[in-house]
Amino acid sequence: MTNTPVVVIGGGAAGMMAALAARQTGAQVTLVEPNEKLGRKLYITGKGRCNLTNNTTPQGVLDHVPRNGRFLYSAVTRFPPAAVMAYFEELGVPLKTERGGRVFPCSDRAADVIDALFFALKRQGVALLRGRAEHLLLENGRAVGVMVGGEPLPAGAVVIATGGLSYPATGSTGDGYWLAEEAGHTIVSPRPSLVPLEEKGDTCAQMQGLSLKNVTLALKNQKNKAVFQEQGEMLFTHFGLSGPLVLSASAHANWAKDTYTAVIDLKPALDETRLEARILRDVAQGPNKAFHNFLEGLLPRKMVPMMAQRAGIPPDLPVNAMTRGQRRRLMEAMKAFAVPIAGPRPVKEAIITAGGVKTGEVDPGTMMSKKAPGLFFAGEVLDVDGYTGGFNLQIAWCTGRAAGIGAARYIKEEGL
């Protein structure tokens, strides 16, 4: 057991995993966290249920990482979802797999995951220090500690696991970025990912609160190419669009280089021929119905005024008076309901921050800085992020474990 500790900055998913891995590899460990409780962001993941990984292969994880997936190859291969699941089962958290491979605690309680990690830290003898890391201590280019509350905290190795900028109320305030910059690291500009989208205009605002299920959402760029297309659930809000489909779609957008339109297929189970047959059948069953009453048989009530407007059909028109052209416009509006997007909501509302410490400046096997020996990174502070479905926590676990093991081995090899 070495005497100079590994200091882990950040008590979230990646930080707790790094602390446990370093301790189990033979190092003394001090975990620094400004919040009173560890794992605050974990409490809100998976709507409070904690979607802690995805029951897939290492390659399945990498397929769901849009940026810098190759950087994760070593970490996710050595600590894949199967190993993560076994790890938490051994900590006393029974797990279950749901739709799309999403893994949750059987209790549906994020608190059970946090408690399991907290008590493991206690059992292993990890020292917990409440405070904010203010500066890195560097000596001849090496990381040798950190300033906490104006006092130096010496370290044989430092792991930065401070998260990104999303959900600042949970402690993700971007501290890790400027700590990394102190060591000479490049920070890829942080931006929101897995975030609701703001509309241009007030289409969504007129239908706010309406939730749609089993629709297909396509996010199309200026060239009308779909960068994302998937079936699922979404929500109209006072500012635009939210819900699972929208959050997933946002991760595929490059806001700096392109503009986008959300295109919703309200009847994905029906192609145009079958949709037209359905409309003609409904018209035959109630030929004298007013168009707005007719639409209520096809769509949620909150959509009816907007759909009548989009189709250019008077709400009081008897449906048997619809022209072929009007019927065509109605079908087009139902199969491709377009909402121009102004951009993402602010990063503080995002589930995940894209951007962060440039991965080319970090060793992918150990997570050690290539700029400052003894400095390691884990989790969202790195410029790597995944889609929804447990992939971002999988990234936190595997990079945290790699960083913790790397830091403990570094201390041993250096004789610190």
Novice: Please report the shortest heavy-atom distance between Gly365 and Ser74, naming the atom on each side.
Specialist: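 In terms of heavy atoms, the two residues are closest at CA-OG, 3.8 Å.
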
Novice: Can you tell if the side chain of Val159 reaches within under 4.5 Å of the side chain of Met367, non-hydrogen atoms only?
Specialist: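 SC-SC contact between Val159 and Met367 ruled out.
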
Novice: When you measure from the side chain of Lys370 to the backbone of Gly360, do you find a donor-acceptor pair of N or O atoms at a distance under 3.5 Å?
Specialist: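 A pair under 3.5 Å: yes.
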
Novice: Check this for me: Arg281, atom CZ, are more than 12 non-hydrogen atoms of other residues, nucleotides or ligands nearer than 6.0 Å?
Specialist: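 More than 12 heavy atoms, drawn from other residues, nucleotides or ligands, come within 6.0 Å of this atom.
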
Novice: If every non-hydrogen atom of Ser193 is compared with every non-hydrogen atom of Ala350, which pair is closest and at what distance?
Specialist: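 Taking Ser193 first and Ala350 second, the nearest heavy atoms are O-CB, 3.5 Å.
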
Novice: Can you tell me how far CE of Met307 sits from CZ of Arg329, rounded to the nearest 0.5 angstrom?
Specialist: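 The CZ atom of Arg329 sits 13.0 Å away from the CE atom of Met307.
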
Novice: Under a 3.5 Å distance rule, please check whether Arg278 uses its side chain to pair with a backbone N or O of Leu298 as donor and acceptor.
Specialist: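 No, the answer is negative, given that no donor and acceptor are paired below the 3.5 Å cut-off.
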
Novice: Donor-acceptor pair, distance only, cut-off 3.5 Å: does the side chain of Glu380 make one with the backbone of Thr353?
Specialist: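 Yes; at least one donor-acceptor contact below 3.5 Å.
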
Novice: Carefully, step by step, assess Gln28 and Thr4 under the rule side chain to side chain contact (heavy atoms under 4.5 Å, CB included).
Specialist: CA-CA 7 Å; Gln28 299 283 357; Thr4 316; over 6 Å; no

Novice: So do Leu382 and Phe71 actually touch side chain to side chain, heavy atoms under 4.5 Å?
Specialist: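 Yes. Closest side-chain heavy atoms under 4.5 Å.
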
Novice: Could you tell me whether a side-chain N or O of Asn55 sits under 3.5 Å from a main-chain N or O of Gly101, the two making a donor and an acceptor?
Specialist: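 No.
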
Novice: What are the two closest heavy atoms between Gly156 and Leu416, and how far apart are they?
Specialist: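 Of all heavy-atom pairs spanning Gly156 and Leu416, the closest is O-CD1, 3.5 Å.
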
Novice: Provide the closest heavy-atom pair for Ser248 versus Leu194 in the form atom of the first, atom of the second, distance.
Specialist: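 Here Ser248 and Leu194 meet closest at CA-CD2, 4.3 Å.
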
Novice: Which class fits the ring pair Phe228 and His252: parallel under 30°, tilted 30 to 60°, perpendicular over 60°?
Specialist: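 Correct class here is tilted.
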
Novice: Using modelled atom types and a 3.5 Å cut-off, is there a donor and acceptor pairing between side-chain atoms of Glu33 and backbone atoms of Asn35?
Specialist: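 Such a contact is found between Glu33 side chain and Asn35 backbone.
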
Novice: Closest heavy-atom contact between Val32 and Gly131?
Specialist: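 Looking at all heavy atoms of both residues, the shortest contact is CG1-O, 3.4 Å.
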
Novice: Would you mind reporting whether Leu241 and Ile341 have side-chain heavy atoms less than 4.5 Å apart?
Specialist: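 Yes, close enough: below the 4.5 Å cut-off.
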
Novice: Is a donor on one side and an acceptor on the other found under 3.5 Å between the side chain of Glu361 and the backbone of Ser369?
Specialist: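 No, Glu361 side chain to Ser369 backbone: no donor-acceptor pair under 3.5 Å.
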
Novice: Looking at Arg23, Gln124, Gln24, which hits side chain to side chain contact (heavy atoms under 4.5 Å, CB included) with Val29?
Specialist: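 It is Arg23, the one option of Arg23, Gln124, Gln24 that forms the side chain to side chain contact (heavy atoms under 4.5 Å, CB included) with Val29.
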
Novice: Determine whether Phe291 and Gln326 make a side-chain contact, defined as any pair of heavy atoms from C-beta on separated by less than 4.5 Å.
Specialist: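 Heavy-atom side-chain distance check fails, nothing below 4.5 Å.
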
Novice: Around Asn140, counting heavy atoms of other residues, nucleotides and ligands shown, do more than 12 lie under 6.0 Å from its CG?
Specialist: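 Counting other residues, nucleotides and ligands, CG of Asn140 stays at 12 neighbours or fewer.
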
Novice: Check whether any side-chain N or O of Lys96 sits under 3.5 Å from a backbone N or O of Asp108 as a donor-acceptor pair, and report yes or no.
Specialist: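 Pair absent, no side-chain N/O of Lys96 close to backbone of Asp108.
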
Novice: Could you check whether any side-chain N or O of Asp383 sits under 3.5 Å from a backbone N or O of Asn68, counting only pairs where one atom can act as donor and the other as acceptor?
Specialist: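 Pair absent, no side-chain N/O of Asp383 close to backbone of Asn68.
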
Novice: Is it true that, when you exclude Arg301 itself, more than 12 heavy atoms of the residues, nucleotides or ligands shown sit nearer than 6.0 Å to its CZ?
Specialist: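 Atom CZ in Arg301 is not packed in, count stays at 12 or less.
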
Novice: Is it true that, when you exclude Gln222 itself, more than 12 heavy atoms of the residues, nucleotides or ligands shown sit nearer than 6.0 Å to its CD?
Specialist: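 Above 12, so yes.
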
Novice: Taking the side chain as C-beta and beyond, is there a heavy-atom pair between Tyr87 and Leu20 under 4.5 Å?
Specialist: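 Contact flag for Tyr87/Leu20 side chains = yes.
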
Novice: Within the 4.5 Å heavy-atom criterion, are Glu36 and Arg130 side-chain neighbours or not?
Specialist: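 Yes, close enough: below the 4.5 Å cut-off.
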
Novice: What's the separation between atom OH in Tyr260 and atom CG in Asn221, rounded to the nearest 0.5 Å?
Specialist: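 Result: 6.0 Å between the selected atoms.
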
Novice: Find out whether Phe294 and Ile279 are in side-chain contact, i.e. whether some heavy atom of one side chain is under 4.5 Å from a heavy atom of the other.
Specialist: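 With C-beta onward as the side chain, the pair touches.
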
Novice: What is the distance from atom CG of Leu280 to atom CE of Met322, rounded to the nearest 0.5 Å?
Specialist: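 Between Leu280 CG and Met322 CE, I get 8.0 Å after rounding to 0.5 Å.
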
Novice: For Cys204, is there any backbone N or O sitting under 3.5 Å from a side-chain donor or acceptor partner on Glu199?
Specialist: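 Judged by distance alone, yes, a pair lies under 3.5 Å.
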
Novice: Show, in sequence, the C-alpha distance, side-chain angles and deciding distance for Leu38 and Leu128, and conclude whether the side chain to side chain contact (heavy atoms under 4.5 Å, CB included) test is met.
Specialist: CA-CA 10 Å; Leu38 300 179; Leu128 302 178; 4.2 Å; yes

Novice: Evaluate the criterion side chain to side chain contact (heavy atoms under 4.5 Å, CB included) for residue pair Trp397 and Arg401; output intermediate values, then yes/no.
Specialist: CA-CA 6 Å; Trp397 306 131; Arg401 186 171 175 83; over 6 Å; no

Novice: At what distance, to the nearest 0.5 angstrom, does CE of Met85 lie from CD of Gln394?
Specialist: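 Those atoms lie 10.5 Å apart.
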
Novice: Given the rule in the side chain to side chain contact (heavy atoms under 4.5 Å, CB included) test, do Asn214 and Gln231 qualify, once you have shown the distances and angles that lead to the verdict?
Specialist: CA-CA 6 Å; Asn214 299 319; Gln231 189 169 336; 4.0 Å; yes

Novice: In Å, rounded to the nearest 0.5 Å, how long is the span from OH of Tyr177 to OG1 of Thr162?
Specialist: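 Those atoms lie 7.5 Å apart.
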
Novice: Does Asn54 reach the main-chain N or O of Gly100 with its side chain, forming a donor-acceptor pair under 3.5 Å?
Specialist: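 Confirmed, Asn54 side chain pairs with Gly100 backbone.
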
Novice: So, for Thr53 and Pro81, which heavy atoms are closest and what is the spacing to 0.1 Å?
Specialist: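 Looks like OG1-CB, 3.6 Å.
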
Novice: Side chains of Leu212 and Pro300, heavy atoms from C-beta outward: is any pair under 4.5 Å?
Specialist: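 Yes; the side chains approach each other to less than 4.5 Å.
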
Novice: Enter the distance from Glu272:CD to Lys267:NZ here, rounded to the nearest 0.5 Å.
Specialist: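 Here the interatomic distance stands at 14.5 Å.
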
Novice: Determine whether more than 12 heavy atoms belonging to other residues, nucleotides or ligands lie under 6.0 Å from atom OH of Tyr73.
Specialist: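 No.
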
Novice: Surrounding CZ of Arg49 (heavy atoms of other residues, nucleotides or ligands, distance under 6.0 Å), is the total greater than 12?
Specialist: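 Yes, CZ of Arg49 has more than 12 neighbouring heavy atoms, counting only those of other groups under 6.0 Å.
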
